[in-house]
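Ligands are counted one by one from 1 in listed order, and the atoms in each one are counted from 1 as well. If you read the sequence from its start, that first residue is 1, and numbering goes on from there.
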Amino acid sequence: MSTPTPTPVNTPPVNLLGLDGAALAQWVGEQGGKPFRARQLSRWIHQRGQADFAAMTDLARQFREDLQRKAVVEVPPVVKSLKSRDGTRKWLFGVGNNNAVEAVFIPEDDRGTLCISTQAGCTVACPFCSTGHQGFNRNLEVHEIIGQLWWARHALLAEGDTGRLPGGSPVVDDRVVSNIVLMGMGEPLLNYNNVVPALKLMLDDNAYGLSRRRVTLSTSGVVPMIDRLRDDCPVALAVSLHAPNDELRDHLVPLNRKYPLRELLDACLRYLEAAPRDFITFEYCMLSGVNDTDEHARELIEIARAVPSKLNLIPFNPFPQSGLRRSSPTRVKEFARRLMDAGIVPTVRKTRGDDIDAACGQLAGEIRDRTRLTSLMPGRRQAIPIIEASQ
Ligand code: SAH
Ligand code: SF4
């Protein structure tokens, strides 16, 4: 053992949940521990869900005592937990200052997908998105992002809820959470420095050990950060397209004014050089009379031909005062048929968990808008009363 670095008196404990593999090894090293101790510790925390250092029985007693003095494993408090008729689960995590963010678990017969939030609110302000209507409060820290996975995994295991639907087969690899999508509240690439260590933990064999193909980051199109992600931590990429031309996209995804479609599509092509999948997923939220005409389908075909991609048509999930309507099933069918005639086979996303407001774009959480963005948004929903802690 090397000589440990003395911890100054009154140093607040370190939340180990916020350290990726490299950072944990460095911290353990500073305490005089060897790298294998960091790996052991990581497995206790992330794989066994243990937050009590005293219970980590194969760690040396002295090391456990040091940990108890200098570190904690803490997730944000769960202020609400809901279960949908279809088995979808939603947890609301308090992140201080009366802000809360949401995580959603969607069990299917061959997988269990967890949808995670990365920011309290969002600055991009897409008019069809409930989070966008709420304004922005702050970026989530690494432990608040990974804490959603830590909590969901261990809560589901503890309840014996293995993510199976009645009659369904066991989830892949017997993992309760087999897939992760960064599609909750916030724009992950605008919280890059905290999102990347969280992604690394999801992939780390001593933490969650998921393959890059099973972790999907969804972005509204922050072009320079797409390039950085390709170099730092390429996972599967979904891009929120929603409009097939700049004029409409400037309105539906206001970030387009900064990074127009041509630049975004070029970034997608560059990303594919390092991506774990050989396609980008394009998400397209179907809004009646706004982006669902035959002409839009024609423009969309051009884009889908330019970039190896899969197209995901998402029925718009309405929320109070969005002022927008979901495209009719007949229109979605006709739109999809036009794409198919051109050799592009879209998937139409099923809506899950809408009875607990857990469907895409309905995640509202609880945000105290620091940006005053909401005062600029027409028809914004009313402020929601603060949620009482309940479990
Ligand atoms: N900020 C990122 C990730 C979070 S949004 C992004 O925009 O990609 C996750 C997905 O939900 C995005 O594709 C988003 O466009 C979609 N979405 C947002 N509001 C929606 C709504 N009301 N109905 C259906 N999908 C919505
Ligand atoms: Fe932000 Fe994504 Fe919602 Fe747009 S769709 S406001 S980028 S969370």
Side-chain angles (χ1 to χ4, degrees), residues 101-104 106 113-137 139-140 145 148 180-192 195 215-223 225-226 229 235-243 249-259 264 268 280-288 290-292 310-327 332 347-354 357-365 367 369 371 373-374 376-377 379-381:
V101 299
E102 297 176 350
V104 174
I106 306 145
T113 303
L114 186 70
C115 177
I116 285 182
S117 295
T118 55
Q119 297 183 308
C122 184
T123 50
V124 182
C126 305
F128 57 87
C129 171
S130 169
T131 307
H133 272 246
Q134 293 203 315
F136 176 73
N137 194 274
N139 282 330
L140 297 189
I145 301 172
Q148 297 167 58
I180 293 178
V181 292
L182 270 57
M183 292 188 185
M185 299 166 70
E187 170 47 58
L189 293 186
L190 292 178
N191 184 13
Y192 191 82
V195 163
V215 177
T216 302
L217 182 145
S218 175
T219 180
S220 54
V222 192
V223 166
M225 293 303 165
I226 293 178
L229 188 70
V235 291
L237 188 70
V239 168
S240 290
L241 204 58
H242 306 310
R249 198 163 188 272
D250 280 353
H251 170 65
L252 288 182
V253 186
L255 193 67
N256 195 69
R257 293 174 206 157
K258 197 162 178 192
Y259 306 114
L264 176 58
C268 289
I280 302 287
T281 302
F282 284 136
E283 295 164 283
Y284 198 93
C285 178
M286 301 283 294
L287 300 161
S288 180
V290 176
N291 64 358
D292 65 351
K310 286 200 174 162
L311 192 59
N312 204 339
L313 300 179
I314 314 171
F316 169 60
N317 293 311
F319 55 92
Q321 294 164 25
S322 70
L324 294 160
R325 281 181 304 121
R326 179 184 284 191
S327 305
V332 176
T347 48
V348 182
R349 190 182 288 172
K350 273 184 284 170
T351 298
R352 295 285 304 266
D354 52 352
D357 279 354
C360 288
Q362 289 183 325
L363 302 190
I367 301 301
D369 181 15
T371 58
L373 198 65
T374 51
L376 306 173
M377 299 278 280
R380 184 198 170 238
R381 63 196 284 174

query: At a 4.0 Å threshold, what atoms of ligand 1 neighbour a non-hydrogen atom of T219?
result: 6 (C), 8 (O)
- request: Could you pull out all residues at least two apart from S240 that satisfy side chain to side chain contact (heavy atoms under 4.5 Å, CB included)?
  value: S218, H242, E283
- request: Kindly indicate whether the side chain of Y284, heavy atoms from C-beta on, has any atom under 4.5 Å from the side chain of N312.
  value: no
message: Does only the side chain of M185 get under 4.0 Å from ligand 1, or the backbone, or both, or neither? Count heavy atoms.
response: neither
task: Say whether G186 and ligand 1 are in contact under the criterion: heavy-atom distance to a ligand atom below 4.0 Å.
output: yes
field: Count, waters excluded, of protein N, O or S atoms under 2.8 Å from atom 4 (Fe) of ligand 2
entry: 1
- line: ligand 1 atoms nearer than 4.0 angstrom to some heavy atom of I314 are 24 (C), 25 (N)
- prompt: Can you find a non-hydrogen atom of P318 under 4.0 Å from ligand 1?
  reply: no
- request: Hey, could you give me the CZ/CG distance between R325 and L287, rounded to the nearest 0.5 Å?
  value: 10.5 Å
- prompt: Is a side-chain donor-acceptor pair under 3.5 Å present for N317 with R326?
  reply: yes
query: Hey, is atom 2 (Fe) of ligand 2 touched by any protein heavy atom at less than 4.0 Å?
result: no
- prompt: Under 3.5 Å, is there a donor-acceptor pair between the S117 and E102 side chains?
  reply: no
